[in-house]
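Let me begin by presenting the structure, written as structure tokens, before commenting on it.
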Amino acid sequence: FHDGNIFLRDGRAVVFDWGDSVLSHPFYSLRTVRVSAEMSLGLDENDPQVDPLDDAYLAPWRGYASHEVLRAALALSRPLASLSSALGWYRVVSTLDAAGREAYAVPVPTLLQEFLSLIIEVVA
């Protein structure tokens with residue numbers, strides 16, 4: 001879910017987003033929301049101004065666990081969200097012709113690098 005998937009039609013907002021549709025942990029989706037917000041607002045990666053999105057996203061889950069447990073689960077999900085996105089992009093890019101693969105050459109290695117960076121943080 002990101003701002004590029006919200007359309008106005010007849011004065012109503014229409015949300016359309018099937019590009020990252022997978023069966024996965026629901027916390028993975030927050031990665032795309034955060035990255036989109038950072039890009040749209042011209043913020044640096046992991047800018048603390050985007051942190052309130054985490055709490056808003058976790059709010060519906062508070063009936064299942066405490067805020068602290070949810071924040072810990074979210075932290076653990078971040079590297080896996082990058083890996084899941086890399087695999088999703090790979091599935092798409094691998095079906096493209098050579099020109100298409102060249103045009104979309106950046107997402108997979110970038111997401112894998114993000115995964116490695118984040119997993120090192122979790123392990124450290």
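In this chain, residues are counted from 1 in sequence order.
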Please name the pair of heavy atoms, one in Leu43 and one in Gln49, separated by the smallest distance, quoted to 0.1 Å.
CD2-NE2, 3.5 Å

Counting only heavy atoms not in Asp97, do more than 12 fall under 6.0 Å of its CG?
yes

Would you say Thr110's side chain and Pro107's backbone share a donor-acceptor pair under 3.5 angstrom?
no

Looking at OG of Ser94 and CZ of Arg101, how far apart are the two atoms once the value is rounded to the nearest 0.5 Å?
8.5 Å

In the structure I gave you, are the side-chain heavy atoms of Glu45 and Val35 within less than 4.5 Å of one another anywhere?
no

For Val123 and Ile120, what are the C-alpha separation, side-chain angles and deciding distance, and is it a side-chain contact (heavy atoms from CB on, under 4.5 Å)?
CA-CA 5 Å; Val123 173; Ile120 289 168; 5.9 Å; no

Can you name the closest pair of heavy atoms from Ala37 and Leu53 and give their distance?
CB-CD1, 3.8 Å

Which atom of Glu114 lies closest to which atom of Arg31, heavy atoms considered:
OE2-NE, 2.7 Å

Specify the closest pair of heavy atoms between Asp47 and Glu38, including all atoms of both residues, with the distance to one decimal.
N-OE2, 3.9 Å

Honestly curious: do Leu116 and Leu87 fall in one hydrophobic cluster under the side-chain, below-4.5 Å linking rule?
yes

Grab the two heavy atoms, one from Leu118 and one from Arg78, that are nearest each other, plus how far apart they are.
CD1-O, 3.7 Å

So, Ser36 side chain and Thr32 main chain: donor-acceptor pair closer than 3.5 Å or not?
no

Among the clusters formed by ILVMFWY side chains lying less than 4.5 Å apart, do Tyr90 and Leu111 turn up in the same one?
yes

Before you tell me yes or no, could you show the steps for Tyr104 and Leu96 under side-chain contact (heavy atoms from CB on, under 4.5 Å), namely the whole-Å CA-CA distance, both residues' side-chain angles and the distance that decides it to 0.1 Å?
CA-CA 9 Å; Tyr104 288 97; Leu96 301 175; 3.9 Å; yes

Would you say that Leu112 contacts Leu83 through its side chain, given a criterion of any heavy-atom pair below 4.5 Å between the two side chains?
yes

Quick check for you: to the nearest 0.5 Å, what is the distance between Leu80 atom CG and Ile119 atom CD1?
6.0 Å

Does a side-chain heavy-atom distance below 4.5 Å link Leu74 with Ser77?
yes

Please tell me whether Leu8 and Val14 are part of a single hydrophobic cluster in this structure, the criterion being side-chain heavy atoms less than 4.5 Å apart.
no

side-chain contact (heavy atoms from CB on, under 4.5 Å), that's the test. Do Thr95 and Arg91 meet it? Break it down for me.
CA-CA 7 Å; Thr95 66; Arg91 282 191 305 272; over 6 Å; no

Atom CG of Asp54 and atom CZ of Arg34: how far apart are they, to the nearest 0.5 Å?
4.5 Å

Should the pair Phe27 and His25 be assigned to parallel (<30°), tilted (30 to 60°) or perpendicular (>60°) ring geometry?
perpendicular

Can you name the nearest heavy-atom pair linking Tyr57 to Ser29, along with the distance?
OH-CB, 3.4 Å

